[in-house]
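Just the heavy atoms: all of them, side chains too, but no hydrogens, waters or symmetry mates, feed the values below.
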Amino acid sequence: MAERSTAAVDVADNSGDEPLTAQADQSTADGVANNRERDTDSDEAQGNPTSEESGKASPPELHSGHKLARRYRLEECVTRLDGFSSWRAVDEKLRRAVGVHLLPADHARARSVLAAARSSALLGDPRFVQVLDAVEDNDLVYVVHEWLPDATELTALLASGPLEAYDAYQMVSQVASAMAAAHREGLAHLRLSPNAVLRTSTGQWRIRGLAVNAALRGISSDTPQRTDTEAIGALLYATLTQRWPYETDAHGLAGLPKDIGLIPPDQVRAGIHRGLSELAMRALANDGATASCHESPCTTPEELVKAIGEMPRIRPPEPAYTAPPQYQRTAYQQGAYGRPAPRPGVAQPVPTPPPPLQSRTGKALKWSVSALLIAALGLGSWQLADALMERGGKADNQNQTQTTDGNDKNGERTEPAKPISVQTAQEYVASGSAQAPQDVAKTYDGDASTFWRTKKYNEGPKLAPYKPGVGIVYDLGSEQDVSTASIGLRYTGDHTTVHLYAADSLAPSTGVDGMKEIASATTTGTSLTAKASKPVKTRYVLLWMTDVPNAPSDGYSGAGYKQAITDVTFKG
């Protein structure tokens with residue numbers, strides 16, 4: 001069974017418990033180097049409900065090299081407490097690193113862990129770390145999930161200082177949007193801490209441990225949306241101030257001074273963005289905390305997303321200009337190669353230029369060059385006269401029609417559009433579940449036989465009311481003038497409608513209605529070209545599909561309204 005979810009390794013970050021390898025192993029749950037100090041993050045410090053009594057079952061006696069299902073080879077134990085253990089492992093079938101949670105089948109929380117993994121697997125949102133397997137095998141229950149070697153925990157990022165305003169804005173936007181989508185599907189995190197938020201090498205923020213971490217720790221809440229919203233507010237507070245917004249130290253961060261209460265971030269540290277400071281207080285306006293403005297508090301991730309959308313967008317900082325090093329002429333370029341170094345205090349004689357060609361050979365060479373120049377001038381004059389006569393004859397023909405390009409009025413030619421390479425891409429999920437996030441890269445791999453396909457829908461061509469649309473956000477690496485997109489499609493029939501929008505990141509902070517449209521096009525064939533009336537400068541382009549044709553069954557996809565993208569090429 002290959003199900004997908006967002007579970008992750010690091011679930012031992014509360015109640016002051018210390019992982020088994022806290023001193024010997026300095027790697028984090030997802031393979032990111034990090035100092036594992038003794039964790040002081042209590043449930044009370046996070047505002048989380050008190051955990052239930054842990055099961056009395058003893059952890060399975062496993063060791064490095066043990067194989068699960070003849071496939072997952074355990075490599076290194078990362079956490080061992082409360083009767084369960086977490087491992088870094090290798091999937092020998094697919095030859096990739098994975099993480100594994102293990103606990104005895106008779107553990108008091110084994111049933112709830114399996115249920116949490118299988119429920120969150122249905123979300124399939126790429127903003128969460130994905131579960132790859134959830135199995136009960138005789139006396140063991142194990143959950144296999146992604147391992148992200150290129151991701152860095154927020155805890156590690158904050159170790160060097162608070163984040164810039166743009167990075168904090170991106171973090172809270174992406175995390176709030178992801179949690180809002182999870183709660184719409186009835187899923188909660190309840191353990192949303194700096195250890196559970198990761199930033200990848202592409203700048204995308206991902207969340208690990210959705211539902212599963214809380215199930216492993218036996219944590220529940222009567223107000224899950226309020227709990228997760230306050231946790232997001234605490235994350236934003238920490239990114240702005242490098243302080244934990246409670247009196248207790250946690251996650252390697254110092255808490256607030258005692259007996260002063262919760263003060264706004266811009267009163268903790270100078271120069272903090274005022275809008276982000278107020279947003280953090282609105283999310284933390286629970287359990288007696290007071291907001292620093294007159295706006296109403298945010299008690300759900302959906303309300304927090306709305307509040308972020310009402311803020312002015314924070315732009316990334318301008319890259320610092322570095323002056324190139326001053327050009328230094330070498331001794332060889334100055335004509336001093338092979339000469340002895342001058343002695344100090346001794347004047348160097350000025351070299352005398354060589355005399356002109358005075359020999360018989362030199363004079364003959366000068367006459368030869370002169371004769372060639374005279375011949376060249378004569379030939380050039382004859383060709384010029386012939387061209388003028390031919391041009392004059394054409395000018396006499398007043399009935400000849402000439403076709404000119406309108407751009408020739410300014411003496412300029414329109415340069416052909418240049419292809420823009422795609423650096424990376426990510427599926428955009430506006431509502432509900434994803435389509436096929438694992439196949440996004442096949443739309444720009446240059447292979448027309450590979451494709452990303454939508455799910456099958458019973459009615460169409462318009463996807464609504466099932467979904468407002470489906471699409472992919474492409475990262476062009478830097479801001480580019482985008483004017484055209486050529487899109488290869490797999491299915492014909494009815495009509496396919498595609499829109500291009502300028503997005504602000506791989507995980508846009510606003511909905512489609514808040515983005516600038518670049519172009520749109522409709523086709524009934526297998527190719528489509530969307531051309532903008534005026535080029536739009538952007539780094540991220542959302543390809544948004546709202547209508548799909550009725551296509552027959554093929555492979556594992558049944559007949560119905562669907563579409564597949566084989567290749568996408570942007571030009572500017």
Indicate the atoms forming the closest heavy-atom contact of [X] with [Y], along with that distance.
X: I308; Y: S173; value: CG2-OG, 3.4 Å
X: P265; Y: S277; value: CD-OG, 3.1 Å
X: D249; Y: G255; value: OD1-N, 2.6 Å
X: Y72; Y: V98; value: CD2-CG2, 4.2 Å
X: A105; Y: N138; value: CB-O, 3.6 Å
X: Q242; Y: P162; value: OE1-CD, 3.7 Å

Closer than 3.5 angstrom, by distance alone: can the side chain of T454 be matched with the main-chain N or O of K562 as a donor-acceptor pair?
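Not at all, since once roles are kept as given, no pair shorter than 3.5 Å links the two residues.
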Are the charged groups of [X] and [Y] less than 4.0 angstrom apart, N to O?
X: R71; Y: D91; answer: yes
X: R191; Y: D228; answer: no
X: R70; Y: E92; answer: no
X: E76; Y: R88; answer: yes

Checking R111 now: which residues fulfil side-chain hydrogen bond (donor to acceptor under 3.5 Å, both in side chains) with it, not counting sequence neighbours?
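Partners of R111 by the side-chain hydrogen bond (donor to acceptor under 3.5 Å, both in side chains) criterion, ordered by chain and then number, come out as E136.
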Return the OH to CG distance between Y169 and L163, rounded to the nearest 0.5 Å.
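These two atoms lie 15.5 Å from each other.
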Ignoring hydrogens and geometry beyond distance, is a side-chain donor-acceptor pair present between [X] and [Y] at under 3.5 Å?
X: T300; Y: T229; answer: no
X: D445; Y: T450; answer: yes
X: Q426; Y: Q204; answer: yes
X: S86; Y: H101; answer: yes
X: D475; Y: T424; answer: no
X: W544; Y: T546; answer: no
X: T200; Y: D150; answer: no

Determine whether D554 and Y491 satisfy the following criterion, side chain to side chain donor-acceptor pair (under 3.5 Å), listing intermediate values before the conclusion.
CA-CA 11 Å; D554 62 326; Y491 306 115; 3.0 Å; yes
Within the 4.5 Å heavy-atom criterion, are R199 and L154 side-chain neighbours or not?
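No, side chains not in contact.
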Has E247 got more than 12 heavy atoms of other residues, nucleotides or ligands less than 6.0 Å from its CD?
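Yes - once you tally the heavy atoms of other residues, nucleotides and ligands closer than 6.0 Å, there are more than 12.
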More than 12 non-hydrogen atoms from neighbouring residues, nucleotides or ligands closer than 6.0 Å to NZ on K455, yes or no?
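Atom NZ in K455 is packed in, count exceeds 12.
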List the residues meeting side chain to side chain contact (heavy atoms under 4.5 Å, CB included) with T443, not counting sequence neighbours, and say none if there are none.
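For T443 the side chain to side chain contact (heavy atoms under 4.5 Å, CB included) partners, ignoring immediate neighbours, are W452, I472, Y474, I565, V568.
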